[in-house]
Amino acid sequence: MWGDIAIAFILAFVVAFVATPYTMKIAKKIGAEDIPKDKRRTHKRTIPKFGGPAVILGFLVSTIYLLIVMSLEKTINLFGVEQYAKKLIGFFIAIIILAIFCVVDDTKTIKPLTKLTGQLLAAIIVVLSGITIDGITLPFLNFPEMHEVISVILTIVWIVIVTNAINLIDGLDGLSSGISVISAVSLLIFVLNGSSMVSIVLITALAGALVGFLPYNFSPAKTFLGDTGSNFLGFSLSIISILGSAKTYTAAVIVLPLIVLGLPIFDTFMAIVRRIIKGKSIKAVFKADKGHLHHRLLAKGYSQKQAVILLYGVSAILGMFAIIICDSGIWKALSFLLIVIVAIVAGYRNF
(Lines give C-alpha, C1' and ligand atoms only; values in the text may rest on other atoms or scores of the structure.)
Protein backbone atom coordinates (compact mmCIF):
# COMPACT_ATOMS: atom_id res chain seq x y z
CA MET A 1 0.00 0.00 0.00
CA TRP A 2 2.68 2.49 0.98
CA GLY A 3 4.49 1.98 -2.30
CA ASP A 4 1.31 2.88 -4.19
CA ILE A 5 0.82 5.93 -1.98
CA ALA A 6 4.38 7.07 -2.72
CA ILE A 7 3.87 6.57 -6.46
CA ALA A 8 0.57 8.47 -6.42
CA PHE A 9 2.17 11.44 -4.65
CA ILE A 10 5.47 11.60 -6.54
CA LEU A 11 3.99 11.08 -10.00
CA ALA A 12 1.37 13.80 -9.45
CA PHE A 13 4.04 16.10 -7.99
CA VAL A 14 6.45 15.67 -10.90
CA VAL A 15 3.79 16.11 -13.62
CA ALA A 16 2.31 19.24 -11.99
CA PHE A 17 5.74 20.72 -11.27
CA VAL A 18 6.94 20.19 -14.85
CA ALA A 19 3.65 21.24 -16.47
CA THR A 20 3.17 24.53 -14.59
CA PRO A 21 5.79 26.56 -16.56
CA TYR A 22 4.06 25.47 -19.79
CA THR A 23 0.68 26.66 -18.49
CA MET A 24 2.29 30.03 -17.69
CA LYS A 25 3.36 30.37 -21.34
CA ILE A 26 -0.06 29.26 -22.59
CA ALA A 27 -1.74 31.77 -20.28
CA LYS A 28 -0.02 34.68 -22.02
CA LYS A 29 -1.09 33.42 -25.45
CA ILE A 30 -4.76 32.91 -24.61
CA GLY A 31 -5.20 35.92 -22.35
CA ALA A 32 -5.59 34.02 -19.07
CA GLU A 33 -3.84 36.67 -17.00
CA ASP A 34 -4.81 38.51 -13.83
CA ILE A 35 -4.44 42.25 -14.36
CA PRO A 36 -4.43 44.37 -11.15
CA LYS A 37 -7.25 46.65 -12.30
CA ASP A 38 -9.03 47.19 -8.96
CA LYS A 39 -8.27 47.60 -5.25
CA ARG A 40 -9.38 44.04 -4.38
CA ARG A 41 -6.26 42.58 -5.98
CA THR A 42 -3.18 42.38 -3.80
CA HIS A 43 -0.61 42.04 -6.60
CA LYS A 44 0.83 44.95 -8.55
CA ARG A 45 1.77 43.26 -11.83
CA THR A 46 0.05 41.06 -14.41
CA ILE A 47 0.30 37.39 -13.44
CA PRO A 48 -0.76 34.25 -15.38
CA LYS A 49 -3.85 32.59 -13.89
CA PHE A 50 -3.83 29.26 -15.69
CA GLY A 51 -2.10 26.96 -13.19
CA GLY A 52 -5.24 24.86 -12.76
CA PRO A 53 -4.66 22.66 -15.85
CA ALA A 54 -1.21 21.68 -14.51
CA VAL A 55 -2.73 20.54 -11.21
CA ILE A 56 -5.54 18.69 -13.02
CA LEU A 57 -3.03 17.00 -15.35
CA GLY A 58 -0.84 15.86 -12.45
CA PHE A 59 -3.89 14.49 -10.63
CA LEU A 60 -5.33 12.65 -13.64
CA VAL A 61 -2.04 11.17 -14.89
CA SER A 62 -1.21 9.84 -11.43
CA THR A 63 -4.66 8.43 -10.63
CA ILE A 64 -5.37 6.90 -14.04
CA TYR A 65 -1.92 5.26 -14.22
CA LEU A 66 -2.18 3.78 -10.72
CA LEU A 67 -5.77 2.65 -11.06
CA ILE A 68 -4.94 0.79 -14.29
CA VAL A 69 -1.80 -0.81 -12.84
CA MET A 70 -3.46 -1.78 -9.56
CA SER A 71 -6.45 -3.16 -11.44
CA LEU A 72 -4.13 -5.33 -13.58
CA GLU A 73 -2.35 -6.47 -10.41
CA LYS A 74 -5.79 -7.22 -8.92
CA THR A 75 -5.06 -5.20 -5.80
CA ILE A 76 -8.25 -3.23 -6.44
CA ASN A 77 -11.54 -4.19 -8.07
CA LEU A 78 -13.05 -1.35 -10.07
CA PHE A 79 -16.00 -3.47 -11.24
CA GLY A 80 -17.12 -4.91 -7.92
CA VAL A 81 -20.10 -4.10 -5.73
CA GLU A 82 -19.01 -0.49 -5.22
CA GLN A 83 -18.85 0.09 -9.01
CA TYR A 84 -15.82 2.34 -8.72
CA ALA A 85 -15.26 2.27 -12.50
CA LYS A 86 -18.64 3.90 -13.12
CA LYS A 87 -18.13 6.42 -10.30
CA LEU A 88 -14.64 7.38 -11.45
CA ILE A 89 -15.68 7.80 -15.08
CA GLY A 90 -18.47 10.12 -13.91
CA PHE A 91 -16.01 12.00 -11.68
CA PHE A 92 -13.45 12.47 -14.48
CA ILE A 93 -16.11 13.57 -17.01
CA ALA A 94 -17.44 16.07 -14.47
CA ILE A 95 -13.91 17.46 -13.95
CA ILE A 96 -13.56 18.04 -17.71
CA ILE A 97 -16.97 19.74 -17.99
CA LEU A 98 -16.28 22.00 -15.00
CA ALA A 99 -12.83 22.81 -16.41
CA ILE A 100 -14.33 23.88 -19.76
CA PHE A 101 -16.62 26.40 -18.05
CA CYS A 102 -13.76 27.68 -15.89
CA VAL A 103 -11.22 27.95 -18.73
CA VAL A 104 -13.71 30.18 -20.56
CA ASP A 105 -14.06 32.22 -17.37
CA ASP A 106 -10.27 32.54 -17.00
CA THR A 107 -9.87 33.72 -20.59
CA LYS A 108 -13.10 35.55 -21.47
CA THR A 109 -14.90 35.97 -18.10
CA ILE A 110 -18.41 34.58 -17.74
CA LYS A 111 -21.30 35.54 -15.47
CA PRO A 112 -21.40 33.98 -11.99
CA LEU A 113 -24.72 32.28 -12.79
CA THR A 114 -23.19 30.67 -15.87
CA LYS A 115 -20.32 29.33 -13.79
CA LEU A 116 -22.79 28.09 -11.18
CA THR A 117 -24.59 26.26 -13.99
CA GLY A 118 -21.32 24.48 -14.84
CA GLN A 119 -20.84 23.51 -11.20
CA LEU A 120 -24.39 22.15 -10.96
CA LEU A 121 -24.00 20.21 -14.20
CA ALA A 122 -20.76 18.64 -12.97
CA ALA A 123 -22.37 17.79 -9.61
CA ILE A 124 -25.37 16.18 -11.31
CA ILE A 125 -23.07 14.01 -13.46
CA VAL A 126 -21.27 12.84 -10.32
CA VAL A 127 -24.57 11.97 -8.64
CA LEU A 128 -25.77 10.08 -11.71
CA SER A 129 -22.55 8.03 -11.63
CA GLY A 130 -23.50 6.80 -8.15
CA ILE A 131 -21.53 9.08 -5.82
CA THR A 132 -23.99 10.23 -3.14
CA ILE A 133 -24.24 10.90 0.58
CA ASP A 134 -26.50 8.03 1.58
CA GLY A 135 -26.71 8.56 5.32
CA ILE A 136 -25.39 10.32 8.42
CA THR A 137 -25.13 8.76 11.87
CA LEU A 138 -24.36 10.99 14.84
CA PRO A 139 -25.45 11.00 18.50
CA PHE A 140 -27.60 14.07 17.81
CA LEU A 141 -28.39 13.44 14.16
CA ASN A 142 -29.28 9.92 13.07
CA PHE A 143 -30.19 9.32 9.41
CA PRO A 144 -28.52 6.02 8.51
CA GLU A 145 -30.70 5.79 5.40
CA MET A 146 -31.95 8.82 3.53
CA HIS A 147 -34.68 9.16 0.95
CA GLU A 148 -33.13 9.13 -2.50
CA VAL A 149 -34.30 12.67 -3.30
CA ILE A 150 -32.85 14.07 -0.05
CA SER A 151 -29.60 12.20 -0.68
CA VAL A 152 -29.28 13.68 -4.18
CA ILE A 153 -30.08 17.24 -3.05
CA LEU A 154 -27.69 17.03 -0.07
CA THR A 155 -24.88 15.71 -2.27
CA ILE A 156 -25.29 18.44 -4.89
CA VAL A 157 -25.46 21.17 -2.23
CA TRP A 158 -22.33 19.79 -0.52
CA ILE A 159 -20.39 19.70 -3.80
CA VAL A 160 -21.39 23.24 -4.82
CA ILE A 161 -20.65 24.68 -1.35
CA VAL A 162 -17.15 23.19 -1.10
CA THR A 163 -16.35 24.07 -4.72
CA ASN A 164 -17.21 27.72 -4.13
CA ALA A 165 -15.58 27.79 -0.69
CA ILE A 166 -12.15 27.02 -2.14
CA ASN A 167 -12.79 29.36 -5.05
CA LEU A 168 -13.73 32.32 -2.84
CA ILE A 169 -10.77 31.97 -0.49
CA ASP A 170 -8.34 32.07 -3.43
CA GLY A 171 -7.32 35.67 -2.78
CA LEU A 172 -3.67 35.59 -1.70
CA ASP A 173 -0.54 33.95 -3.08
CA GLY A 174 -0.58 30.26 -2.17
CA LEU A 175 -3.64 30.52 0.08
CA SER A 176 -6.18 28.19 -1.53
CA SER A 177 -3.55 25.73 -2.77
CA GLY A 178 -1.91 25.53 0.67
CA ILE A 179 -5.20 25.15 2.54
CA SER A 180 -6.20 22.45 0.05
CA VAL A 181 -2.94 20.57 0.76
CA ILE A 182 -3.67 20.69 4.49
CA SER A 183 -7.25 19.52 3.86
CA ALA A 184 -6.04 16.73 1.57
CA VAL A 185 -3.52 15.45 4.13
CA SER A 186 -6.19 15.52 6.85
CA LEU A 187 -8.60 13.59 4.64
CA LEU A 188 -5.83 11.14 3.77
CA ILE A 189 -5.49 10.28 7.45
CA PHE A 190 -9.24 9.60 7.51
CA VAL A 191 -9.24 7.32 4.50
CA LEU A 192 -6.23 5.35 5.74
CA ASN A 193 -8.50 4.00 8.48
CA GLY A 194 -10.21 1.24 6.51
CA SER A 195 -11.23 3.03 3.32
CA SER A 196 -10.62 1.68 -0.18
CA MET A 197 -7.34 2.11 -2.04
CA VAL A 198 -9.27 4.06 -4.69
CA SER A 199 -9.96 6.86 -2.21
CA ILE A 200 -6.40 6.75 -0.90
CA VAL A 201 -4.94 7.07 -4.41
CA LEU A 202 -7.26 9.97 -5.27
CA ILE A 203 -6.51 12.09 -2.21
CA THR A 204 -2.76 11.34 -2.33
CA ALA A 205 -2.55 12.30 -6.01
CA LEU A 206 -4.42 15.54 -5.28
CA ALA A 207 -1.98 16.40 -2.50
CA GLY A 208 1.00 15.57 -4.72
CA ALA A 209 -0.24 17.73 -7.60
CA LEU A 210 -0.79 20.66 -5.23
CA VAL A 211 2.68 20.36 -3.69
CA GLY A 212 4.12 20.33 -7.21
CA PHE A 213 2.28 23.55 -8.05
CA LEU A 214 2.80 25.39 -4.75
CA PRO A 215 6.43 26.51 -5.40
CA TYR A 216 5.14 28.62 -8.30
CA ASN A 217 2.15 29.90 -6.35
CA PHE A 218 3.56 30.81 -2.93
CA SER A 219 4.34 34.47 -2.29
CA PRO A 220 5.59 36.11 -4.42
CA ALA A 221 3.49 34.11 -6.87
CA LYS A 222 4.67 33.47 -10.42
CA THR A 223 1.27 32.09 -11.41
CA PHE A 224 -2.23 31.65 -10.01
CA LEU A 225 -4.57 28.67 -10.01
CA GLY A 226 -7.29 30.64 -11.76
CA ASP A 227 -10.93 29.63 -11.54
CA THR A 228 -10.04 26.40 -13.34
CA GLY A 229 -7.75 25.33 -10.52
CA SER A 230 -9.68 26.61 -7.50
CA ASN A 231 -12.97 25.10 -8.73
CA PHE A 232 -11.22 21.80 -9.44
CA LEU A 233 -9.76 21.70 -5.93
CA GLY A 234 -13.04 22.35 -4.14
CA PHE A 235 -14.92 19.98 -6.45
CA SER A 236 -12.39 17.17 -5.97
CA LEU A 237 -12.18 17.58 -2.20
CA SER A 238 -15.97 17.40 -1.92
CA ILE A 239 -16.14 14.20 -4.03
CA ILE A 240 -13.19 12.45 -2.40
CA SER A 241 -14.54 13.23 1.07
CA ILE A 242 -17.71 11.33 0.14
CA LEU A 243 -15.87 8.39 -1.45
CA GLY A 244 -13.31 8.17 1.34
CA SER A 245 -15.65 8.52 4.28
CA ALA A 246 -18.14 5.94 3.05
CA LYS A 247 -16.09 3.01 4.33
CA THR A 248 -14.63 4.54 7.48
CA TYR A 249 -16.89 6.53 9.79
CA THR A 250 -20.48 7.24 8.85
CA ALA A 251 -20.32 10.51 10.78
CA ALA A 252 -17.30 11.52 8.69
CA VAL A 253 -19.32 11.75 5.47
CA ILE A 254 -20.06 15.42 6.08
CA VAL A 255 -19.17 16.39 9.64
CA LEU A 256 -15.42 15.66 9.68
CA PRO A 257 -14.72 17.04 6.18
CA LEU A 258 -16.84 20.02 7.23
CA ILE A 259 -14.39 20.66 10.10
CA VAL A 260 -11.32 20.11 7.91
CA LEU A 261 -12.68 22.58 5.34
CA GLY A 262 -14.09 24.79 8.09
CA LEU A 263 -12.05 27.89 7.25
CA PRO A 264 -13.05 28.30 3.58
CA ILE A 265 -16.65 27.21 4.32
CA PHE A 266 -16.95 29.72 7.19
CA ASP A 267 -15.49 32.46 4.99
CA THR A 268 -17.99 31.61 2.24
CA PHE A 269 -20.95 31.59 4.64
CA MET A 270 -19.96 34.98 6.09
CA ALA A 271 -19.47 36.39 2.58
CA ILE A 272 -23.00 35.32 1.58
CA VAL A 273 -24.54 36.84 4.74
CA ARG A 274 -22.45 40.01 4.46
CA ARG A 275 -23.28 40.60 0.81
CA ILE A 276 -27.01 39.98 1.26
CA ILE A 277 -27.16 42.41 4.20
CA LYS A 278 -25.10 45.02 2.40
CA GLY A 279 -26.74 44.66 -1.02
CA LYS A 280 -30.24 43.90 0.34
CA SER A 281 -30.84 41.28 -2.36
CA ILE A 282 -29.85 37.75 -3.37
CA LYS A 283 -28.10 39.13 -6.45
CA ALA A 284 -25.57 40.83 -4.18
CA VAL A 285 -24.13 37.39 -3.33
CA PHE A 286 -22.39 37.36 -6.72
CA LYS A 287 -20.74 40.77 -6.22
CA ALA A 288 -17.12 40.54 -5.05
CA ASP A 289 -15.99 42.54 -2.02
CA LYS A 290 -13.00 43.01 0.30
CA GLY A 291 -14.55 41.45 3.38
CA HIS A 292 -12.93 38.01 3.21
CA LEU A 293 -10.73 36.82 6.08
CA HIS A 294 -7.52 37.38 4.11
CA HIS A 295 -8.58 40.93 3.21
CA ARG A 296 -9.27 41.67 6.89
CA LEU A 297 -5.84 40.37 7.91
CA LEU A 298 -4.17 42.57 5.30
CA ALA A 299 -6.18 45.55 6.57
CA LYS A 300 -4.85 44.82 10.09
CA GLY A 301 -1.31 45.28 8.80
CA TYR A 302 -0.21 41.71 8.14
CA SER A 303 1.88 41.02 5.05
CA GLN A 304 0.67 38.52 2.45
CA LYS A 305 3.04 35.84 3.75
CA GLN A 306 2.03 36.45 7.37
CA ALA A 307 -1.69 36.31 6.53
CA VAL A 308 -1.28 33.12 4.48
CA ILE A 309 0.81 31.35 7.16
CA LEU A 310 -1.69 32.40 9.84
CA LEU A 311 -4.59 30.94 7.84
CA TYR A 312 -2.52 27.80 7.16
CA GLY A 313 -2.18 27.46 10.92
CA VAL A 314 -5.92 27.77 11.48
CA SER A 315 -6.60 25.14 8.80
CA ALA A 316 -4.00 22.79 10.32
CA ILE A 317 -5.56 23.16 13.79
CA LEU A 318 -9.02 22.41 12.40
CA GLY A 319 -7.63 19.42 10.51
CA MET A 320 -5.96 18.06 13.64
CA PHE A 321 -9.15 18.69 15.65
CA ALA A 322 -11.13 16.61 13.14
CA ILE A 323 -8.51 13.84 13.17
CA ILE A 324 -8.58 13.62 16.97
CA ILE A 325 -12.39 13.44 16.94
CA CYS A 326 -12.15 10.64 14.42
CA ASP A 327 -9.50 8.73 16.35
CA SER A 328 -10.09 9.48 20.03
CA GLY A 329 -13.46 11.16 20.48
CA ILE A 330 -14.91 14.59 21.11
CA TRP A 331 -13.58 15.20 24.65
CA LYS A 332 -9.94 14.67 23.75
CA ALA A 333 -10.43 16.87 20.68
CA LEU A 334 -12.02 19.65 22.75
CA SER A 335 -9.23 19.52 25.34
CA PHE A 336 -6.66 19.76 22.52
CA LEU A 337 -8.48 22.75 21.05
CA LEU A 338 -8.74 24.45 24.46
CA ILE A 339 -4.98 24.14 25.06
CA VAL A 340 -4.24 25.54 21.59
CA ILE A 341 -6.60 28.49 22.18
CA VAL A 342 -5.02 29.24 25.57
CA ALA A 343 -1.53 29.11 24.01
CA ILE A 344 -2.58 31.46 21.20
CA VAL A 345 -4.22 33.92 23.60
CA ALA A 346 -1.12 33.88 25.83
CA GLY A 347 1.21 34.64 22.94
CA TYR A 348 -1.09 36.85 20.87
CA ARG A 349 0.42 40.20 21.90
CA ASN A 350 3.96 39.09 21.09
CA PHE A 351 2.84 37.67 17.75
Side-chain angles (χ1 to χ4, degrees), residues 9 12-13 16 20 42-43 49 51-52 54-56 58-59 102 158-191 202-221 223-241 244 254 256-271 291-298 302-323 337 340 344:
F9 183 89
F13 169 86
T20 299
T42 56
H43 56 285
K49 57 173 183 178
V55 177
I56 295 173
F59 172 76
C102 293
W158 169 249
I159 292 170
V160 172
I161 285 175
V162 178
T163 300
N164 283 288
I166 299 297
N167 184 38
L168 289 175
I169 207 168
D170 187 25
L172 295 179
D173 296 356
L175 182 56
S176 63
S177 52
I179 286 177
S180 296
V181 169
I182 295 168
S183 299
V185 171
S186 300
L187 289 173
L188 175 60
I189 295 173
F190 293 151
V191 301
L202 290 173
I203 197 65
T204 305
L206 184 64
L210 282 167
V211 174
F213 173 75
L214 198 53
Y216 301 98
N217 187 226
F218 195 73
S219 182
T223 184
F224 294 149
L225 279 167
D227 271 13
T228 307
S230 59
N231 275 261
F232 163 73
L233 293 182
F235 185 77
S236 298
L237 285 168
S238 68
I239 303 302
I240 298 170
S241 69
I254 287 185
L256 296 183
L258 190 66
I259 297 172
V260 171
L261 297 165
L263 182 64
I265 290 174
F266 171 78
D267 189 49
T268 301
F269 174 75
M270 293 305 297
H292 291 288
L293 290 172
H294 50 275
H295 289 132
R296 292 176 183 272
L297 288 173
L298 293 178
Y302 292 96
S303 68
Q304 275 209 54
K305 283 185 179 179
Q306 289 172 333
V308 168
I309 291 172
L310 182 60
L311 293 173
Y312 281 0
V314 174
S315 290
I317 291 169
L318 289 172
M320 183 57 65
F321 178 69
I323 290 166
L337 190 61
V340 170
I344 290 172

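Counting from 1, the numbers follow the sequence of the chain as shown. In what follows, every heavy atom counts, from backbone to side chain, and hydrogens, waters and symmetry copies are set aside.
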| task | Please round to the nearest 0.5 Å and tell me the distance separating atom CG of N231 and atom CG of L225. | result | 10.5 Å
| If we only count heavy atoms from C-beta on, is the F224 to N217 side-chain gap below 4.5 Å? | yes
| How many angstroms lie between atom CG of L175 and atom OH of Y312, to the nearest 0.5 angstrom? | 6.5 Å
| Gap separating the CD1 atom of I179 from the CG atom of L237, nearest 0.5 angstrom | 11.0 Å
| message | Can you give me the closest heavy-atom contact between F59 and L202, atom names plus distance? | response | CE1-O, 3.2 Å
| Side-chain contact, heavy-atom cut-off 4.5 Å: F13 with L214? | no
| message | To the closest 0.5 Å, what do you measure between CD1 (I182) and OG (S177)? | response | 10.0 Å
| field | Nearest heavy-atom neighbours spanning D173 and A221 | value | OD2-N, 3.0 Å
| said: Nearest 0.5 Å, please: how far is CD1 in I317 from CG in L337? | reply: 7.5 Å
| task | Among V181, T228, I166, find the one that has a side-chain contact (heavy atoms from CB on, under 4.5 Å) with L233. | result | I166
| query | Would you find more than 12 non-hydrogen atoms of other residues, nucleotides or ligands less than 6.0 Å from F218 atom CZ? | reply | yes
| note | Contacts of S186 meeting side-chain hydrogen bond (donor to acceptor under 3.5 Å, both in side chains) (sequence neighbours excluded), chain-then-number -> none
| task | Answer whether the closest heavy-atom distance between the side chains of L187 and I240 falls below 4.5 Å. | result | no
| said: Can you list everything that forms a side chain to side chain contact (heavy atoms under 4.5 Å, CB included) with A16? Sequence neighbours excluded, please. | reply: A209
| Student check: side-chain heavy atoms of F232 and T163 closer than 4.5 Å | no
| said: Can you tell me how far apart CD1 (I56) and CZ (F213) are? Round to the nearest 0.5 Å. | reply: 11.0 Å
